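Heads up: the structure comes next, in structure tokens.
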Amino acid sequence: MSSQHKSVIVGTAGHIDHGKSSLVEALTGTHPDRLEEEKRRGITIDLGFAFLEEDGVRFGFVDVPGHERFVSNMLAGAAGVDLVLLVIAADESIKPQTREHFEICRLLGVKRGVVALTKSDLVDADTAGLVRLEIEEYLRGSFLENAPVVPVSAKTQGGLPELKQALSVVAQQVAGKDPAHYLRLPIDRAFAIKGFGAVVTGTLISGSVAAGEEVELFPGNQRLRVRGVHSGGKATERAVAGQRTAVNLAGVEHTALRRGQALATPGKFRSTRRIDVRLEMLQSAPKTKQRSRVHFHSGTCQTIAEIHLYDHRELAPGQSAVAHLRLQDEVLVLPEDRFILRQFSPVTTIGGGVVLDPGARRPAVRDSARAEFLQTLERGERAEMLMAMTERAVLGLRFEEIVARTGWREDEIRAMAKQLADTSQVKIVSAEPPLLISGKLFEEVRQKIAARVERFHKENALLPGITREDLRSSIGRRVRAETFRAVLDDLLAQKKLDAQGEIVKRAGSTISLDAEEARAKEQIETAFAAAGLAVPAVKEVLSKTPVEAKRAEKILQILLRDKSLVRVTPELIFHRDALAQLRGQLLAFKKTKGERISVPVFKELTGITRKYAIPLLEYLDRERVTRRAGDERVIL
Ligand SMILES: Nc1nc2c(ncn2[C@@H]2O[C@H](COP(=O)(O)OP(=O)(O)OP(=O)(O)O)[C@@H](O)[C@H]2O)c(=O)[nH]1
Ligand SMILES: [Mg+2]
């Protein structure tokens with residue numbers, strides 16, 4: 001976006017009747033009060049909007065009510081404000097909601113602003129000078145310390161050019177919101193327009209949105225289609241971050257939409273009821289006790305929160321701490337989002353803070369490392385944050401989970417993960433969908449697998465190795481399948497282990513038989529080889545060996561695995577050579593006598609009884625040497 005068309009959201013703030021709405025009208029030509037009741041009572045009740053283009057900057061004004069009963073409406077408007085226009089009437093100076101609105105802007109992380117000394121037509125120069133001193137004193141040390149203080153009058157229009165000039169200068173210093181990021185639009189109004197249907201408005205705090213796109217409504221995860229978009233009060237192809245935006249939505253009744261919901265890029269985020277935060281209590285706040293219930297405001301939404309302090313029993317006024325908030329309703333928040341806390345009753349602003357982890361788990365007594373983890377998140381070093389998150393994820397972290405918990409773009413996460421993987425701090429164990437696990441966990445699983453294979457060899461000297469399935473289940477469910485696979489592949493690639501089909505063994509391991517076992521092995525093999533196709537009963541063969549039954553059985557397994565012997569049915573085992581000879585016989589038969597052979601002819605050809613003939617023919621069918629055709633077989 002060219003700097004010529006920078007979009008900046010200006011929020012008014014200040015005590016009731018100090019001239020906020022009049023000033024917005026004087027600046028933009030639009031009186032922001034819309035409601036019948038507002039016009040009748042001469043006060044602002046809900047948010048009002050107006051636009052101004054000045055020096056190549058598109059200003060979107062959000063006018064808020066000053067009345068203390070409507071602070072919650074003010075909060076919905078203050079979210080997403082780039083620049084505050086703090087309105088202080090010259091004839092009244094600083095009043096309670098001047099302070100409250102100012103504190104709210106500070107807690108919401110508003111970085112810049114301009115002070116308008118309104119109604120300056122009502123005071124003489126001495127009074128104006130005195131009020132200015134009071135204001136400068138009040139703002140000392142705050143984010144508005146060096147903000148311009150401009151005397152104006154909506155009545156005489158005096159000071160308006162200077163105020164516009166001051167707004168333009170400060171607007172140039174505003175960082176601006178990121179249009180390349182995922183979409184987030186906290187909804188502050190929902191209504192219907194005849195012939196168009198449902199429309200929602202809000203300050204586009206991140207990303208962009210255009211007609212034809214799909215968006216996800218939070219909470220509720222409903223997917224909706226965008227029919228059209230307005231920004232800055234005009235129809236546009238695409239609205240981008242930093243603009244007041246109206247979105248016409250298809251497939252939804254406007255009555256299902258309300259302030260507090262949000263639109264976002266589909267499939268990226270999750271709404272939450274548990275968040276970890278940095279809390280900051282105001283000097284004017286009462287003591288904050290463990291499990292206090294407070295009103296929670298973030299974006300345009302509000303709900304009730306219960307406070308769980310991690311490393312304090314209670315917070316004194318003005319104190320700050322990391323904490324967990326359990327919310328009564330689902331919200332969509334991301335790290336770095338600001339929020340405001342208001343006392344449950346009487347309702348006054350008592351503090352606020354910043355979201356550190358929107359995917360927080362229920363606080364656990366044993367989790368003493370959580371406060372430290374949150375401090376890591378707070379430092380905001382992304383690689384360090386990703387590392388810490390990965391280390392705390394017992395099962396590993398999927399990229400989609402990282403996106404949902406951080407709001408970072410997937411390409412950013414991928415680059416960071418790769419960087420960490422290069423130094424073995426994390427492992428990317430599966431390409432699609434990627435799963436991130438800590439280097440520590442990878443090493444743990446590696447040692448577990450190696451130890452398990454080792455133990456298997458020790459306990460099963462006569463078996464070539466452990467099956468993958470047994471190995472997997474012995475590692476436990478706390479290890480994800482893809483982690484297991486990646487670690488096993490790593491051990492195989494490094495030639496620490498060897499695999500043959502389903503069997504995993506220590507690299508280079510061979511079965512070592514003692515003299516007795518070797519004799520037994522030979523004896524078993526010879527017994528079957530000598531029998532040809534009229535094989536003896538397995539039990540009988542095993543019982544004649546010099547080793548006990550269990551060992552004899554294992555030796556038989558070795559012969560079967562070597563494919564020296566072949567099990568044709570559970571009871572019948574044949575020697576490999578006898579079966580090879582049989583195949584040869586059938587081929588010769590096909591050449592001389594034709595491809596069809598009946599059971600009696602087969603019996604005659606091989607000289608065996610029905611007891612062997614039928615299982616063998618079925619075996620040959622399975623092996624695709626023969627195919628059954630009625631009472632006969634076709635030799636293939
Ligand atoms: N003399 C004079 N009167 C003003 C000026 N600006 C506003 N007023 C009057 O002050 C009263 C309140 O003005 P608003 O603009 O409604 O004040 P507000 O701050 O928007 O009030 P809320 O939204 O209810 O908090 C109105 O009667 C205005 O006509 C001004 O510059 N000079
Ligand atoms: Mg007003």
Side-chain angles (χ1 to χ4, degrees), residues 8-33 38-39 41-44 48-52 54-55 57 59 61-68 74 77-78 81-106 110 112-140 142-173:
V8 172
I9 304 291
V10 182
T12 60
H15 197 70
I16 185 165
D17 254 5
H18 275 204
K20 296 180 289 300
S21 302
S22 304
L23 185 58
V24 169
E25 183 183 20
L27 286 167
T28 66
T30 307
H31 198 289
D33 287 347
E38 289 176 324
K39 289 181 182 143
R41 290 170 66 182
I43 61 165
T44 303
F49 308 97
F51 303 99
L52 171 70
E54 182 78 16
D55 284 351
V57 180
F59 289 100
F61 284 86
V62 179
D63 182 45
V64 307
H67 198 299
E68 61 175 323
M74 179 269 174
V81 157
D82 296 306
L83 190 166
V84 59
L85 178 59
L86 183 61
V87 170
I88 302 174
D91 61 337
E92 290 203 329
S93 192
I94 295 164
K95 300 289 260 185
Q97 268 63 55
T98 316
R99 295 176 198 278
E100 186 170 15
H101 285 194
F102 170 75
E103 292 286 19
I104 286 169
C105 289
R106 186 178 66 76
V110 178
R112 302 183 192 283
V114 172
V115 181
L117 201 53
T118 50
K119 305 196 186 183
S120 55
D121 58 286
L122 294 183
V123 296
D124 56 30
D126 282 356
T127 314
L130 214 61
V131 172
R132 177 188 281 270
L133 281 180
E134 259 177 46
I135 294 170
E136 281 169 0
E137 167 73 29
Y138 177 65
L139 298 178
R140 188 157 303 139
S142 81
F143 73 99
L144 286 183
E145 175 159 27
N146 295 313
V149 179
V150 186
V152 287
S153 167
K155 194 169 181 185
T156 67
Q157 308 280 298
L160 287 179
E162 289 80 3
L163 181 58
K164 284 185 182 174
Q165 172 66 23
L167 285 170
S168 293
V169 169
V170 176
Q172 298 306 333
Q173 301 158 3

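In what follows, every heavy atom counts, from backbone to side chain, and hydrogens, waters and symmetry copies are set aside. Please read all numbers here as calculations on a predicted model, not as lab measurements.
Judged as a side-chain hydrogen bond (donor to acceptor under 3.5 Å, both in side chains), not a single pair has a partner in residues 22-31 (not counting sequence neighbours).
In this view, H18 and H15 satisfy the ring-ring contact (aromatic ring centres under 6.0 Å, His included) rule, not counting sequence neighbours. Scanning for side chain to side chain contact (heavy atoms under 4.5 Å, CB included) contacts around F51 gives R244, with sequence neighbours left out. Residues meeting the side chain to side chain contact (heavy atoms under 4.5 Å, CB included) test with R132, sequence neighbours left out: E136, V149, P151.
Note that CD1 of I16 is 10.0 Å distant from CD of E92, once rounded to the nearest 0.5 Å. Note that CZ of R99 is 11.0 Å distant from CD of Q97, once rounded to the nearest 0.5 Å. In this structure, CD in E134 is found 10.5 Å from OG1 in T98, a value given to the nearest 0.5 Å. In this structure, the separation between OG1 on T44 and NE2 on H67 is 11.0 Å, given to the nearest 0.5 Å.
Contact of the V84 side chain with the F102 side chain is not registered, since no non-hydrogen atoms from C-beta on lie closer than 4.5 Å. Between D63 and F49, the closest side-chain pair of non-hydrogen atoms is not below 4.5 Å.
Within the 3.5 Å criterion, the main-chain N or O of V87 finds no donor-acceptor partner in the side chain of K20. A donor-acceptor pair under 3.5 Å links the side-chain atoms of R112 to the main chain of Q173, judged by distance alone.
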Sequence neighbours excluded and cut-off under 3.5 Å, please list the side-chain donor-acceptor pairs for residues 120-129, or say none.
from	atom 1	to	atom 2	distance (Å)
S120	OG	V152	N	3.4
S120	OG	V152	O	2.6
D121	OD1	S153	OG	2.7
D124	OD1	D126	N	3.3
D124	OD1	T127	N	2.8
D124	OD1	T127	OG1	2.6

Could you list the donor-acceptor pairs under 3.5 angstrom formed by side chains in residues 159-169, with sequence neighbours left out?
from	atom 1	to	atom 2	distance (Å)
S168	OG	D55	OD2	3.3
S168	OG	K164	O	3.1

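Nearest heavy-atom pair, V110 versus V81, reported as atom, atom and distance to 0.1 Å: CG2-O, 4.1 Å. Nearest heavy-atom pair across K119 and D17 is NZ-O, 2.7 Å. Between S21 and P32, the shortest heavy-atom distance links the atoms O-CD, 3.6 Å. Across G66 and H101, no two heavy atoms sit closer than the pair CA-CE1, 3.9 Å.
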Trace of the side-chain contact (heavy atoms from CB on, under 4.5 Å) decision for T12 with L23: CA-CA 9 Å; T12 60; L23 185 58; over 6 Å; no

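F59 pairs in a side chain to side chain contact (heavy atoms under 4.5 Å, CB included) with only one of the listed residues (L52, L27, L85), which is L52.
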